[in-house]
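Throughout, a chain's letter reflects where its sequence line sits, starting with A, and its residues are numbered from 1.
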Number of protein chains: 2
Amino acid sequence: MTDREALDYDPNAYQRPSVAVDLVLIGIRDSRPAVLLVKRDAPPFAGRRALPGGFVGIDETLDDAAARVLHGKAGIAKAHLEQLYTFGAVARDPRMRIISVAYLALLDEAAFAAALEDMPSLLAATITVPWAGETGGAVEIATPKGPVPLAFDHADIVALAMLRLRGKLDYSDVGFALLPDRFTLRQLQDVHEAILGVPLNKPAFRRRMLDRGWLAATGEREAGTSFRPAELYRFRTPQGA
Amino acid sequence: MTDREALDYDPNAYQRPSVAVDLVLIGIRDSRPAVLLVKRDAPPFAGRRALPGGFVGIDETLDDAAARVLHGKAGIAKAHLEQLYTFGAVARDPRMRIISVAYLALLDEAAFAAALEDMPSLLAATITVPWAGETGGAVEIATPKGPVPLAFDHADIVALAMLRLRGKLDYSDVGFALLPDRFTLRQLQDVHEAILGVPLNKPAFRRRMLDRGWLAATGEREAGTSFRPAELYRFRTPQGA
DNA sequence: GCAATAGTGTCTGTCAGACAATATAGG
DNA sequence: CCTATATTGTCTGACAGACACTATTGC
C-alpha cells in the first residue's frame, strides 16, 4: 500500500489541512462595483488588504462560517450569500496548508455604506474588469489613491466573483440583491450596467425585466426628484417556476 | 475573546476537518446520462453505492486529488474535470467531520465503457432528472434492476452535477467532453438531448452549432451505416474570443 | 428503385436594439 | 412654459422552431 492509497483508509494517519472561508463582499458605489477589504496586521502580507475570512469550526457548516464572518468581520447582519469556489493550491498560504471556500456576498448601497461606517477598519475599493469577454482575466482593484494589491490569491477570488456575477446577472436574481427593497427600473439598469460594464438599451431592458415576471409595481413613486419620478418596484420571487 | 474569535487567530488550537474530493463521473449510455459508482465495503452505508472519492493530501491540490481518484478508483487516465461545489454539512458523514469538494468528470462513451470493463467493481446507473425546470430537485439514480440508493449526501451531489451540466451545456464546451474526438452532428445533438431531457429541432441545432465556430469539418464520413453517412466534425477551441 | 437518414431552404413568430414620441413632476 | 427624465410605441434585423424538400449511401 502506498502512502497515497493509505489516505483512502485512514484519514487520521495524515495531517489535515485547515479550512477557511473568504468573503467577497460586493456592492455598487457610484455606479461601479466595489469590494470591502480588511487590513492584515500580521505576516504574511502584513499591511496588505485581504478579503474578510475565518477558519471553519469543526461543528459549523460552511454556510454558517460564512455568515459568522459576515457578521463578525464586516458587521453585516444579513446579505445574499452564495458559495463561489474552493481554492486549494498547496502554497496559497505560505504558513501552512489552508483550503479556502470562497463566498460571494452581495450588499445594497445602504448596507455597503453602513458596513463602512460601522467598521472603520474596512476599505472599499472599486473593481474594474478589463473587457476580456468570456475568459476571466485579472481585475483591477483600486481606490482613488491608487491600486490596492491583495494578499494571498485574493485577487483571483475577486476576479472569479465578478465573472460569476456577470454570468448569473441575466438569468438569476442576484441583481436584486444589490438593490434596496424598493427600487426603480433605472436603478436596476444601473446595477446591471455597472456589473456588465456596458450600457444597455433602455426600452429593451424594461421589457425584458417586466416580462420576466419578477417585478411587482408598488404604485409608489420615488421622491426628491426635480423631474418626473419613476415608479418603485419590488422583487417578487417567481411563482409558477 | 470568545471561542469563535479564537478560531481566527490560532487555527492549531482547534480540531481541523478532513477534506475529501468526490467525483461525479458522467457519460452517456443508450442516450441517457449515466454515472459510475463504487460499492462501499465498510460502515457507514456498507453495501451502498457511492461516488468515488478520497481524502486530499496535505501536499496536493484539490485538482490533483481529483485526478488521483479518477485514476486510482476509476482507472481513467484522462477526462474533463471541473470543480462543482463544496459540501460541508456537519453530519454529512456520521463518523467525523468531512468536507467534500465535489468534481464533475465527463467521459465519452468509449471511456465510460472502458472504465466499466477495467474496474469490475464499478456500477453504471442511469440518471433521470424529473423535469422540474430551473430549481434543482432530486434525481432518480437507477439500473434496470431498480433504484440505487446512494450513501451520504451523494444523491444531492449528482443532482447538482446534472443541474450544472444542463446550465453549461449551451454556452460552454462541456458537450464535447462527452463525445469522442470525431463525431457527427447527430451524435452531438443526441448528447444535448440526453442531458436536457428534451428533443431538439434538427435544423436549428445544426445552425446554432455551426455558427458558433466551434466545429471543424474533417471531410471524413462515418462508416458502417446502411444509409447516407454523416460528416465527422472535430471540436475546435474557439479562436478569437 | 427503396429505405433511411443527412443536410438544406423557407416561412413565421419572438425578441432585442434603435429611435422617437409622449407623459409628468418640480420649478 | 421649461427641464429632465419616465414610459411607451414602432420599425427592423437576428434568430429559433416548424416543416418540407433535396441529397446520398447501402442494398
Side-chain angles (χ1 to χ4, degrees), chain A residues 30-31 131 133 166-172 175 179-180 182-235 238 241, chain B residues 30-31 131 133 166-167 169-172 175 179-180 182-235 238 240-241:
Chain A
D30 304 324
S31 298
W131 185 237
R166 284 188 171 187
K168 291 192 73 168
L169 187 61
D170 194 57
Y171 74 90
S172 83
L179 287 169
R182 291 197 305 236
F183 52 87
T184 68
L185 285 171
R186 162 58 60 188
Q187 287 177 295
L188 182 60
Q189 187 173 344
D190 283 344
V191 164
H192 280 235
E193 291 178 341
I195 297 297
L196 297 176
V198 293
L200 299 172
N201 184 277
K202 187 162 70 160
F205 184 81
R206 291 178 63 88
R207 265 182 316 209
R208 206 147 34 88
M209 289 300 143
L210 291 171
D211 289 352
R212 271 221 208 322
W214 285 352
L215 295 177
T218 62
E220 297 170 70
R221 308 257 151 176
E222 66 180 336
T225 64
S226 76
F227 44 82
R228 176 177 175 181
E231 172 141 30
L232 290 169
Y233 289 82
R234 192 191 300 271
F235 172 65
Chain B
D30 306 323
S31 298
W131 185 238
R166 284 189 171 185
L169 187 62
D170 194 58
Y171 74 91
S172 82
L179 287 169
R182 292 198 305 237
F183 51 86
T184 67
L185 284 172
R186 163 58 59 189
Q187 287 178 294
L188 182 59
Q189 186 173 346
D190 282 345
V191 164
H192 280 235
E193 290 178 342
I195 297 297
L196 298 176
V198 293
L200 298 172
N201 183 276
K202 183 166 72 159
F205 184 80
R206 291 178 63 87
R207 266 181 315 209
R208 207 148 34 90
M209 290 299 143
L210 292 172
D211 290 351
R212 267 214 213 326
W214 285 352
L215 296 177
T218 63
E220 296 171 72
R221 308 254 150 181
E222 66 180 335
T225 63
S226 75
F227 42 83
R228 176 176 176 181
E231 172 139 33
L232 290 169
Y233 288 82
R234 193 190 300 271
F235 173 64

Out of C/dA25, C/dT5, D/dA6, whichever nucleotide has its closest atom nearest the side chain of B/F227: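 Taking heavy atoms from C-beta onward, the closest nucleotide is C/dT5.
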Could you tell me how far apart [X] ([atom1]) and [N] ([atom2]) are, to the nearest whole angstrom?
X	N	atom1	atom2	value
B/Q189	D/dG17	CD	C1'	12 Å
A/D170	C/dC15	CG	C1'	13 Å
A/L196	C/dA16	CG	P	15 Å
B/L200	D/dG17	CG	P	7 Å
A/E193	C/dG17	CD	P	11 Å
A/F183	D/dA6	CZ	P	15 Å
B/R221	D/dG26	CZ	C1'	15 Å
B/N201	D/dC19	CG	P	9 Å

Which atom pair, heavy atoms only, marks the closest approach of [X] to [Y]?
X	Y	result
B/Y171	B/W214	O-CH2, 3.5 Å
B/Q189	B/L200	NE2-O, 3.0 Å
A/F205	A/L185	CE2-O, 4.0 Å

Distance test, side-chain N/O of A/R228 to OP1/OP2 of D/dT7, below 4.0 Å: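 No, A/R228 has no side-chain N/O under 4.0 Å of OP1/OP2 on D/dT7.
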Separation of B/H192 NE2 from B/R208 CZ (nearest 0.5 Å):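 These two atoms lie 8.0 Å from each other.
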Atom CG of B/D30: over 12 foreign heavy atoms under 6.0 Å: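 Atom CG in B/D30 is not crowded, with 12 or fewer foreign heavy atoms closer than 6.0 Å.
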Summary of protein contacts for nucleotides 8-16 of chain D, nucleotide by nucleotide, where a base hit scores B, a sugar-phosphate-only hit scores S (4.0 Å, heavy atoms): BBB-----B
Of A/F205 and B/P229, the one whose closest DNA chain C nucleotide lies more 5':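 Final value for this comparison: B/P229.
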Contact check, side chains of A/R182 and A/E222, non-hydrogen atoms, under 4.5 Å: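 No, side chains not in contact.
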Residue pair A/R212, A/D170: steps toward the side chain to side chain contact (heavy atoms under 4.5 Å, CB included) verdict: CA-CA 11 Å; A/R212 271 221 208 322; A/D170 194 57; 3.3 Å; yes
Sugar-phosphate, base or nothing in reach of B/T184, heavy atoms under 4.0 Å: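 Answer is nothing: B/T184 stays at 4.0 Å or more from every strand.
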